[in-house]
Amino acid sequence: MLDFTLNRIGYTLVQKTFIIVPFILVIASLVNFFTQPDQQTDRPVLYWKSDANPQRYEQIELFHEWLVENGHTAPDGGPAFYLQLDAANNQSKLIQAVSGVGGDILDAGVSGYQPLGVLRDLTQEGKEMGFGVENTYQGLAHELTHNGKLYAYPCNVTAWSLWCNVDTFERYGMEPPPESWTVEEFERIGREFVRRAKEQDPDRRVFFIMLEPGRENYVIMPMLRSQGLDMFNETLTACILDDPRYVELLKRLQKWIDEGLLPSSSDLASQTAESGYGGGKMSGLYNGSYGMIVIGRWSLIRLREYENPPRLSLSSVPSEGFENLILTARTATLYAGSDHPELAVLFFKYMADRSYNEFIIEGSDGLPPNPEFAVDNPAYLSPPDHPNEGNTHALELKWAQTIGLPNPHSPYYKSTGQNWSQYGRERFLNGLSTAEEAAAETQKRMNAAIQVTLEATPGLRPQYEADRKLQVKIDALKTEGKPIPREWIRNPFYVDYYRSIGQLLEPEQSDE
């Protein structure tokens, strides 16, 4: 009884802690906000809510220099205003935004913030000042906009692809994988890699590829999309993963684990416990525990720290027809409650300009937000101090501009912290369900979450019902084998996919 009472007290304390801590963070941020040196300067101070990465301070200093160089100055010749970093965790940023103290510039995702009405429309300024969708990667349009309006611009970009240690393949007498390949080619090369590794290093665990927990979808979704299936339907009103194509893909993943092409969850757990066996995805790639990992250009920040960095090459995710990759970005947005929006928009113009993009290029912190400064730029394509990096820069840029698509997400699906696709996948891979059951449960839970979102946000219901009616019409056209009007489709993947197979009815072709 005493143990039960103590456990109950502990549980209650934990509950209260989770309730109280966010409010403590808000209060601390308010105190910090109102005690900043705004009253001690002759010019405005704007706040950038981002992480405490040391590069943020360098980017701010560069921004101040950019302001002066572009004529945005105070009477003393210095910058017209100061930008100051306000490092806050994601939870407190959202709470502050809805509480009316969101600062000025937020590192935030449009889909998570704009439905709450806390972001400022940047469409007109983007057109006038050169930081619109046309000044970045077209595959990010869905991530930067909401209902056709611009609310964000990228800070940096990643086209998630397969990074290969060429030295490891050479050790086993193999050429690095090709730039593009089919699933069958992937399996054939992977099996040969594992076979040779076992022959040469029988006491060492070596895997063809490592899929990092939580990031498996950077491979799974492109493979699924290559067959014409996405996580959500054309209007983003429902999850549709209870499909034979997804079931077969789950079974294929299990086969790859059984064949030793990729590590199981227990393999990954032992990796962190055994000295000399990887020690993480980056060191695992470096020391040859993995032939390839799924990552982006920002990985070079770490790889360049090694005394003898490996020779690298890049491969796309294996495809079964429609070649594609996941394109992501860390995005900056303008808080709707900013006291100085006319000044804050200059930061977005700066991010699309030369000095910021060259900073990202030189530091290898992902792809630059404006590809204009990477195309035909030798400093980006072939950095002279890093000949080991081979084709990585050119290929990631090319893929970001041609086959990059955003992560699947729906305005009607708000994650509660539980990744249901990962949950279902892990249940299957751990023997707790069949692949068919995992696919069905994933779909059921995600669609239930959509209904929770609609109940919590009644303002979404009219658009949701209108989109559901469109989905009925789309499904009928698919059954009849007829092309689908572009303006009916909300899912950016299906726009590109139907266009590639000649099943998209462009606006100029439609009588609607």
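All values below were derived from every heavy atom in this structure, side-chain atoms included, with hydrogens, water molecules and symmetry-related copies excluded.
Each side chain to side chain donor-acceptor pair (under 3.5 Å) pair with one or both residues in residues 138-148, not counting sequence neighbours, appears once here: E143-H409. Pairs engaging residues 450-461 under the side chain to side chain donor-acceptor pair (under 3.5 Å) rule: Q451-Y464, R461-E465 [sequence neighbours left out]. Counting only residues at least two apart or in different chains, side chain to side chain donor-acceptor pair (under 3.5 Å) contacts with residues 347-360 comprise W66-D353, R354-E358.
Take F359 and apply the ring-ring contact (aromatic ring centres under 6.0 Å, His included) test, not counting sequence neighbours, and it matches no residue. Annotation: ring-ring contact (aromatic ring centres under 6.0 Å, His included) contacts of Y151 (sequence neighbours excluded): none. A search for side chain to side chain donor-acceptor pair (under 3.5 Å) contacts involving T237 returns N233, T235, not counting sequence neighbours.
In this structure, the ring of F81 has its center less than 6.0 angstrom from the ring center of F63.
The minimum heavy-atom distance linking Y153 with N135 is given by the pair OH-O, 2.8 Å. When all heavy atoms are compared, the tightest approach of T136 to P154 is OG1-CG, 3.5 Å.
The closest side-chain donor-acceptor pair between R490 and Y494, if any, does not fall under 3.5 angstrom.
No option in S313, S382, P383, P310 other than P383 meets the side-chain contact (heavy atoms from CB on, under 4.5 Å) test with E389.
Using a 4.0 Å cut-off between charged side-chain N and carboxylate O, E216 and R425 make a salt bridge.
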